[in-house]
Amino acid sequence: QTLKALQVQMQRLQAENRSIKEENKTLHADKPKRKRRADTQHEFSVHEDTITIYAHKYGMMVEMFPSSELLNKKRPASPTAFDSSERYVTAATEETAFLDELYRHFPELLHKVMESSFFSDLVLKSIPDARANEIKKLRGVAGDIFGLPAKYFTNPQYDRASVPEIRQLLGVTSTSNVVYKTFPPVLFPKLIEDKSLKTVFGNWELLARILKASLRGVASLHQESSGGGAHTNSLKWSVHQITPGSIAWAAVIVIFLLSPDTEFSSSGTGKKSNICYRNLFHLYKKVLVTKWATKRIATIVTNINHYIFKAAKASAFDSAEQDDHADAINHALAVLEMDSDSESDAELNN
């Protein structure tokens with residue numbers, strides 16, 4: 001009996017020993033993999049600050065709502081140029097142009113990590129975080145920007161839908177059955193809508209004030225100089241001129257600030273207004289990219305750049321000169337035809 005018990009115990013110990021050896025083999029085999037994963041994660045994380053800075057800039061200057069499906073794709077060999085009027089001809093040209101613009105925006109040292117989920121996750125987190133910060137700053141000066149009482153904007157919960165002046169800016173005619181226009185009066189000069197869209201974005205001063213406050217700081221709205229602090233977005237990002245994406249961004253922010261929405265949803269759709277800000281941005285950028293070279297848009301761009309980036313010391317003379325310049329541009333816009341190629345922007349809705 002004693003011998004039999006020892007034999008059984010020996011068999012059990014041998015079985016346990018074999019099991020331990022198998023576990024050791026598995027652990028040894030997994031160790032290099034875990035090390036490789038850790039090394040890769042470290043390689044990505046060293047770029048975190050750079051990715052974040054460029055993502056903040058990307059969200060305001062290029063794409064307000066980048067496609068999560070496209071962010072990890074490889075750069076195409078022969079893409080449609082991002083600034084080409086052919087960009088929106090087909091879904092394929094739009095996709096390759098998106099990737100062309102994406103890879104041109106982020107520096108080459110980041111290209112090796114751009115196909116990783118680390119990159120896309122960080123970009124998709126950084127953009128709404130930065131946007132929320134900009135909106136918070138803009139709410140504080142929106143009264144000055146729109147020429148309306150500050151309380152309408154400093155309190156996100158304020159019932160803006162009940163304010164007649166705001167309803168006029170948005171082109172809302174009913175308080176019971178509210179319908180928000182894709183191109184509201186606030187985007188047109190003197191709030192006069194043009195269904196042909198020939199004068200859309202003609203209310204350039206409003207868009208310029210939004211961009212100036214965001215790029216050079218809210219204090220710059222009351223300064224003629226281009227100074228600003230070392231921490232302004234324009235200096236951090238080395239921005240010296242606006243882009244189609246930045247004008248579209250400003251137009252969407254204008255509509256959001258006037259809307260009854262209390263927060264900018266990450267889904268891109270207003271919770272109270274049901275305005276699809278994502279679609280508005282896409283359409284506005286489409287209009288701007290395809291018509292960027294036309295006389296009217298070129299004049300608007302020149303004027304906004306002048307308003308934001310002009311380096312001049314504040315003085316009575318300079319202020320008068322600024323007013324004269326604005327008057328001259330507005331007069332030019334009144335006589336210019338945007339569609340020099342005889343196409344109507346209305347076709348962009350098709």
*Under a single-linkage definition using a 4.5 Å side-chain heavy-atom cutoff for Ile, Leu, Val, Met, Phe, Trp and Tyr, are F82 and M60 assigned to the same hydrophobic cluster?*
no

*asked:* How close do E193 and P185 get, counting heavy atoms only, and between which atoms?
replied: OE2-CG, 3.5 Å

*Contact check, side chains of K73 and E95, non-hydrogen atoms, under 4.5 Å*: yes

*Check L71 against S120 and note the closest heavy-atom contact, atom names and distance.*
CB-CB, 4.0 Å

*Can you get from V89 to V287 by hopping between Ile, Leu, Val, Met, Phe, Trp and Tyr side chains that sit under 4.5 Å apart?*
no

*Is it true that a side-chain atom of T93 and a backbone atom of R87 form a donor plus acceptor pair closer than 3.5 Å?*
yes

*asked:* What I'd like to find out is whether the side chain of L138 reaches to under 4.5 Å of the side chain of S214, using heavy atoms alone.
replied: yes

*Flag the pair I53 / K236 as yes when at least one side-chain heavy-atom distance between them is below 4.5 Å, and no otherwise.*
no

*Less than 4.0 Å between a side-chain N and a carboxylate O, is that true for E134 and K137?*
yes

*Which residue, V141, V254, L215, I304, forms the side-chain contact (heavy atoms from CB on, under 4.5 Å) with I210?*
V254

_Over all atoms of both residues, closest heavy-atom pair of P184 and L169_ = CB-O, 3.8 Å

*State, yes or no, whether a side-chain contact exists between W292 and D83 at a heavy-atom distance under 4.5 Å.*
no

*Can you tell me how far the CD atom of E205 sits from the NZ atom of K212, to the nearest 0.5 Å?*
11.5 Å

*Nearest 0.5 Å, what's the NE2-CD1 distance between H240 and I308?*
13.0 Å

*Taking atom NE2 of H282 and atom SG of C276, what is their separation to the nearest 0.5 Å?*
11.0 Å

_Quick one, T199 and R296 - any side-chain contact, counting heavy atoms below 4.5 Å?_
yes

*With under 30° as parallel and over 60° as perpendicular, where do the rings of F183 and F188 fit, or are they tilted in between?*
perpendicular

*Apply side chain to side chain contact (heavy atoms under 4.5 Å, CB included) to the pair V200 and D194, showing each step before the final yes or no.*
CA-CA 7 Å; V200 72; D194 177 6; over 6 Å; no

_Ring centre gap for Y152 and F146 strictly below 6.0 Å_ = no

*Decide yes or no on salt bridge (charged side-chain N to carboxylate O under 4.0 Å, His left out) for E63 and K285, but give the supporting numbers first.*
CA-CA 9 Å; E63 282 291 336; K285 184 174 177 180; 2.9 Å; yes

_Minimum heavy-atom distance between S117 and N72, given as atom pair plus value_ = N-ND2, 4.2 Å

*More than 12 heavy atoms of other groups within 6.0 Å of D159 CG*: yes

*Is any side-chain heavy atom of I51 closer than 4.5 Å to a side-chain heavy atom of V113?*
yes

*Taking the six-membered ring for Trp, is the centroid-to-centroid distance between H111 and Y103 below 6.0 Å?*
yes

*Identify whether V289 and V301 are in the same connected component of the hydrophobic contact network (ILVMFWY, side-chain heavy atoms under 4.5 Å).*
no

*Say you draw a straight line from CG of L207 to CD1 of I242; how long is it, rounded to the nearest 0.5 Å?*
8.5 Å

*Evaluate the side-chain proximity of L110 to T50: yes if any heavy-atom separation is below 4.5 Å, no if none is.*
yes

*Assess the pair Y284 and F201: is the distance between their ring centroids shorter than 6.0 Å?*
yes

*Using the ring of each side chain (for Trp, its six-membered ring), is Y58 parallel, tilted or perpendicular to F106, with breaks at 30° and 60°?*
tilted

*asked:* Any heavy-atom pair between the side chains of P66 and L124 that's under 4.5 Å?
replied: yes

_Cation-pi check, R139 onto Y158 ring (under 6.0 Å, within 45° of axis)_ = no

*Answer yes or no: is there an ion pair linking K125 with D121, defined by an N-O contact shorter than 4.0 Å?*
no

*Minimal non-hydrogen separation, S273 against Y277, with atom names*: OG-OH, 3.8 Å

*Give, for atom CZ of F281 and atom CG of L283, the distance between the pair rounded to the nearest 0.5 Å.*
11.0 Å

*Spell out, yes or no, whether V172 and I192 are grouped together once hydrophobic residues are joined by side-chain heavy atoms under 4.5 Å, including indirect joins.*
no

_For G59, is there any backbone N or O sitting under 3.5 Å from a side-chain donor or acceptor partner on R131?_
no

*Tell me whether L148 is reachable from L187 by hopping between hydrophobic residues (I, L, V, M, F, W, Y) whose side-chain heavy atoms are closer than 4.5 Å.*
yes

*How many angstroms lie between atom CD1 of I297 and atom NZ of K291, to the nearest 0.5 angstrom?*
9.5 Å

*Determine whether the aromatic ring centres of Y54 and H47 lie less than 6.0 Å apart.*
no

